[in-house]
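For reference, the structure discussed in these notes is given below.
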Amino acid sequence: MEITINDAAKKISQNKNIAIAPHVNPDGDGLGSTLGLYHALVKSGHNVKIFVDDDIPNAFRFLPGWENFIRPEEQVDGIDLLIVLDAEPERIGRVTEVIKAPILNLDHHRSNTKTANFLYLAPERAATGEIIYLLLDNMQIELDTNIAICLYTAIATDCGFFKYSNTSSFTMQTAAKMLDYGVEPNRISEALEQKKFTDVKILPAVIDTLTLYNDGKIAIISVTKDIKENCDSTADFVEYARIIEGVDVAIVVKYSDDKVTRISMRSKYTDVASIAEKLGGGGHIRAAGCTINDDLVNARKCILAVVEAEMAAK
Ligand SMILES: [Mn+2]
């Protein structure tokens, strides 16, 4: 059932033993909002465990407290409340199998499946980090440098460092407040921008797959098995498609295994969330993704056909 942020704050205050988990394939918002809430709840006397059913990308290992994340293999008893952040409970992997507690879900994805026991959903927020800021304000928990670093990272990464259309006045004002608690934006950008040597050297192979379709309105990049195995992070490849003049929808088609291909999309005009939803995925209007159970070549044809059809219908 959907609740207010007030109710969410009360639910948390009433429970001593809390687990928090972001989605698998964790990003800056998932990890930053989980850690920001973790530091705040520990400070206010809760027993808190943080779970993630995935590896933490190296890029985010500057976040204070990241080493406290545990895998769902670890048996933890006596949790009163499981807080799921930045996605619906179906997307936190095996954590829901291990933690049998009522679920409080805080999210900003309009594709949220609304299956949690208690849900605060705010699609107008650029990041779950903004929701955590509002929650802590409501709970009257004073911020500190650690919390601020985590929330700033959550907010800044989800709005492309204040470049995407989801950037609101509230987004910037909240980020600005984090600076008052000691956040150095240059340090966070430097940590996130740095790349492995291999990830820069692989770029010619990545760019070689870049092709335009539909009068240059669609750009697709393939991350083949070979590319994937020879680089550390594929997260920024979509940018090379997105920044091309005239491109509306930028797509990265990424090898997962021989019959599973992951798709991520960015757009300037087309609603890519509804395209992703048609294929069983989700996301935001300007940034969304899905998985296609086929090999990379077929998945690339499939997503192109679906996006072309969607653009033709408009
Ligand atoms: Mn998010």
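One is the number of the first residue; the rest follow in order along the sequence. We count ligands from 1, going down the list as the structure has it; atoms in each ligand are counted the same way.
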Fill in: Salt-bridge criterion met for R91 and E88 (N-O under 4.0 Å)
no

Item to complete: Report the name of the N/O/S atom of D158 located nearest to the Mn ion (ligand 1).
Response: OD2

Practice prompt. Would you name the N/O/S atom of D86 that lies closest to the Mn ion (ligand 1)?
Written response: OD1

Worksheet, complete the sentence: To the Mn ion (ligand 1), the closest N, O or S atom belonging to D29 is OD2

Worksheet item: Is a donor on one side and an acceptor on the other found under 3.5 Å between the side chain of D199 and the backbone of D232?
Response: yes

Worksheet item: Is H109 close enough to the Mn ion (ligand 1) to have an N, O or S atom under 2.8 Å?
Response: no

Worksheet item: Which word best sums up how the rings of H23 and H109 line up, parallel for under 30°, tilted for 30 to 60°, or perpendicular for over 60°?
Response: perpendicular

Response to the item:
In terms of heavy-atom contacts, C302 and I292 come closest through SG-CD1, 3.8 Å

